[in-house]
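As structure tokens, the structure follows; a few thoughts come after it.
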Amino acid sequence: MSASRVALAEDLPALGDCLASAFFDDPLWGPWSFPDPASRSEPLGRLMGFWADVAVPHGWVRMDADARTVAVWIPPGVAEMTPEQEARFEALTGELFGGPREPELRALFELFERHHPPEPCFYLSLWGTHRDHVGHGLGTALLRECLELIDAAGEPAYLESTNPVNVERYEALGFVRRDSFARPGGPPVTTMWREPPVVS
């Protein structure tokens, strides 16, 4: 029996909670984006929840039964956001990062766009496990299951690792480092690529 399932619209609150917990201490989306830990959870949850929300209709957000671990994928051939969603995202980031931080965050998002590969691929937008459930292999099991499906489709995969401690975990799953980028004084982001296995 499958260990994971496709997330639905009614799962969005649980998805947001899981991802906000998973990325609370992430070097980029945690302390760099929201420096005050006392007030971080709410805006981080809104940001992560938005990204999950726009991905769910594509049918490639996967979760375990209790949303303890989540993988947000954008399949090849579709845009991550529609023009209407891009407008909503601009409004959200203006609200979350308004003031002196907003230009810095917009420049960061431009770097993500600039480094995104032109080749069709499955894009792992977010992958995380709730802090209450880390250390049990749940996230790795979920990602392995996703990659089996992607391999069966014969497609490559791409991601940006915002936490250096995860790079070796991705490499163990067949990803290779492609490039890196960072804002001045900000944490590094490592882009990674995975080719599907060659079928003989």
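Please read all numbers here as calculations on a predicted model, not as lab measurements. Both backbone and side-chain heavy atoms feed into the values below; hydrogens, waters and symmetry mates do not. Starting from 1, each residue takes its place in the sequence as its number.
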(request) Verify whether one side chain among Arg178 and Thr191 offers a donor that lies under 3.5 Å from an acceptor in the other. (result) no
(request) May I ask you to establish whether Arg101 and Trp32 are in a cation-pi arrangement, using a distance under 6.0 Å from NZ or CZ to the six-membered ring centre and at most 45° from the ring axis? (result) yes
(message) Using a strict threshold of under 4.0 Å (side-chain N to carboxylate O), is an ion pair present between Arg88 and Glu95?
(response) no
(message) Closer than 3.5 angstrom, by distance alone: can the side chain of Ser33 be matched with the main-chain N or O of Leu28 as a donor-acceptor pair?
(response) yes
(request) For Glu119 and Tyr158, test the side chains for any donor-to-acceptor distance below 3.5 angstrom and give the result as yes or no. (result) no
(message) Using 0.5 Å steps for rounding, measure from the CG atom of Asn163 to the CH2 atom of Trp127.
(response) 10.5 Å
(request) For the pair Asp11 and Arg5, find out whether any cationic side-chain nitrogen is under 4.0 Å from an anionic carboxylate oxygen. (result) yes
(request) Determine whether Arg177 and Met192 make a side-chain contact, defined as any pair of heavy atoms from C-beta on separated by less than 4.5 Å. (result) yes
(request) Kindly assign one of parallel, tilted or perpendicular to the pair Trp51 and Phe89, based on the angle between their ring planes and the thresholds 30° and 60°. (result) tilted
(request) Please say whether more than 12 non-hydrogen atoms of neighbouring residues, nucleotides or ligands are located less than 6.0 Å from CD in Glu113. (result) no
(message) One thing to verify: whether Arg194 and Asp151 come together as a salt bridge, which I'm taking to mean a side-chain N less than 4.0 angstrom from a carboxylate O.
(response) yes
(message) Assess, by modelled atom type and distance only, whether the side chains of Glu145 and Ser4 contain a donor and an acceptor separated by less than 3.5 Å.
(response) yes
(request) Indicate yes or no: does Glu102 engage Arg106 in a salt bridge with an N to O separation below 4.0 Å. (result) yes
